[in-house]
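Structure first, then comments.
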2 protein chains.
Amino acid sequence: MLKLTKKADYGLMALKYLAEHPETPALSAKDVADAYGIPAQLLAKILQLLTRNGLLRSHAGMNGGYALARDARTISAYEVIHAIDGPFFITSCTKGAKSCELTPSCTIKEPLARVNDTIAGVLKSISIQDLTEHEQPAARAREAHGLVALTL
Amino acid sequence: MLKLTKKADYGLMALKYLAEHPETPALSAKDVADAYGIPAQLLAKILQLLTRNGLLRSHAGMNGGYALARDARTISAYEVIHAIDGPFFITSCTKGAKSCELTPSCTIKEPLARVNDTIAGVLKSISIQDLTEHEQPAARAREAHGLVALTL
DNA sequence: TCAGTATACGACCATTTCTGTCGGGATTTC
DNA sequence: GAAATCCCGACAGAAATGGTCGTATACTGA
């Protein structure tokens, strides 16, 4: 619970990998899959999703493959997760309206919606670029997170 | 994905309900289940878990039931979720060691671990008491979240 | 124009996780 | 002792997830 799906993980890993290889015009799904030992076909589907959502550019044919559609600094972890797993809500009673109206139940939803927003904010503040900076992303991160908290 | 299980939701709802009825010495699982339309037996198991983890006190027999083991202000959403769903990690590759060693894969884990901590911090900063304050928990929350971000 | 490499995408199955139920047992009160 | 209540393990159905397959389509280069 409160866990990223493997697909989202794979997606983040793939984007990170692409961000780390800016010199190559494109990398195939297989290239990335091999690099990480991820099932190639599965990763292919994930990359297709990311392409559909405008995070990647794809190119078929020989020497084709995928490349970031934008600068790694402008792609957030949130976007990636959202593209792969769809909109997320921390609460089980998903939408604002229906299911939970039955009972006066989800009085709990309102406070949790705030938590949800906070988490989304944190994920929005993390860029693919951040993922590639192995050492001491702490400073950047702290800064970003602080920003999020303040805007809540 | 990145969603609380229904069990965790139910647990939070139940604790909130208990926090809102401090006058009664104890409420049975059935009482709470009826109040929210939750399957009684399922909620029973959840309350038992919370009891085992020291968040509730239970009492068998007539007029028995459950009551908060501590002040609602000192019970965090994090504790509840942890008690019900076990330790959580945002990453799929759960433990620090095994599975991901196979490949040099999870270079992504380190940054996400930080995100994980941030989220855990947010959840730790939310108390059951906060859940009961319907209007304007914003101030408290903002304060608490800010604190979390700074301690990251 | 043909062969090879790649993406695109829908359908499908296997596995795991989650939800909810059942049944029997123990504890307390009246 | 009977009723209410907690305790707890086992299990079945449902849903989500992970992964595979097959086929169609697009591009490249010889």
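Throughout, a chain's letter reflects where its sequence line sits, starting with A, and its residues are numbered from 1.
- Among the nucleotides D:dA26, D:dT28, C:dC30, the one closest to the side chain of A:Ala60 is D:dA26.
- At the phosphate of C:dC9, OP1 or OP2 sits under 4.0 Å from a side-chain N or O atom of A:Arg52.
- Each of D:dC6, C:dG20, D:dG18 was ranked by its minimum atom distance to the side chain of A:Leu42; first place goes to D:dG18.
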Worked verdict on B:Tyr66 versus B:Gln48 for side-chain contact (heavy atoms from CB on, under 4.5 Å): CA-CA 9 Å; B:Tyr66 298 90; B:Gln48 283 157 30; 3.6 Å; yes
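- Summarising the geometry, the separation between CZ on A:Arg57 and C1' on C:dA6 is reported as 16 Å, rounded to the nearest angstrom.
- As a whole-Å value, the separation of A:Ile84 CD1 from D:dA16 C1' is 16 Å.
- Between the CG atom of B:Asn63 and the C1' atom of D:dC6 there is a distance of 14 Å, rounded to whole Å.
- In this structure, B:Tyr66 reaches the D:dC7 phosphate: one of its side-chain N or O atoms is under 4.0 Å from OP1 or OP2.
- Rounded to whole Å, the distance from CE on B:Met62 to P on C:dT29 is 11 Å.
- In this structure, B:Ser58 reaches the D:dC7 phosphate: one of its side-chain N or O atoms is under 4.0 Å from OP1 or OP2.
- Rounded to whole Å, atom P of D:dT20 lies 14 Å from atom NZ of A:Lys30.
- Checking A:Asp31 against A:Ser28 by side-chain atom types alone, a donor-acceptor pair falls below 3.5 Å.
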If you apply the rule salt bridge (Lys or Arg N to Asp or Glu O under 4.0 Å), what do you find for A:Lys16 with A:Glu133, and how did you get there? CA-CA 10 Å; A:Lys16 181 193 176 208; A:Glu133 291 164 1; over 6 Å; no
For A:Ile84 and A:Val80, what are the C-alpha separation, side-chain angles and deciding distance, and is it a side-chain contact (heavy atoms from CB on, under 4.5 Å)? CA-CA 6 Å; A:Ile84 294 173; A:Val80 178; 3.9 Å; yes
Would you check, one step at a time, whether the test side-chain contact (heavy atoms from CB on, under 4.5 Å) holds for B:Leu68 with B:Leu55? CA-CA 6 Å; B:Leu68 297 183; B:Leu55 303 184; over 6 Å; no
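- Of the candidates C:dT5, C:dA8, D:dC6, C:dA8 carries the atom nearest the A:Gln48 side chain, counting heavy atoms from C-beta on.
- Among C:dC18, D:dG18, C:dA6, the nucleotide with an atom closest to any side-chain atom of B:Thr5 is C:dC18.
- Place B:Leu47 and A:Ala40 on DNA chain D by their nearest nucleotides, and B:Leu47 ends up nearer the 5' end.
- Between the base of D:dT20 and the side chain of A:Lys45 there is a donor-acceptor pair shorter than 3.5 Å.
- Distance from the side chain of A:Gln41 is smallest for D:dT20 among the nucleotides D:dT20, C:dC30, C:dG4.
- Here the shortest heavy-atom pairing between B:Ile46 and B:Gly11 reads CG2-CA, 3.9 Å.
- Residue A:Ala29 is classed as a sugar-phosphate contact, given heavy-atom separations below 4.0 Å to backbone atoms only.
- Proximity of A:Tyr10 to the phosphate of D:dG18: no side-chain N or O atom is located under 4.0 Å from OP1 or OP2.
- Picking from D:dC8, C:dT7, C:dG20 the nucleotide with the shortest atom distance to the side chain of A:Ser28 gives C:dT7.
- The distance between atom CG of A:Leu56 and atom P of C:dA6, rounded to the nearest whole Å, is 17 Å.
- Counting to the nearest Å, the C1' atom of D:dT17 and the CG atom of A:Leu43 are 16 Å from each other.
- In this structure, the nucleotide among C:dC9, D:dG18, C:dT19 sitting nearest to the side chain of B:Lys6 is C:dT19.
- Regarding contacts with the backbone of D:dA4, every side-chain N or O of B:His59 stays at 4.0 angstrom or more from both OP1 and OP2.
- Computed from coordinates, the A:Lys3 NZ to C:dT17 P distance equals 7 Å when rounded to whole Å.
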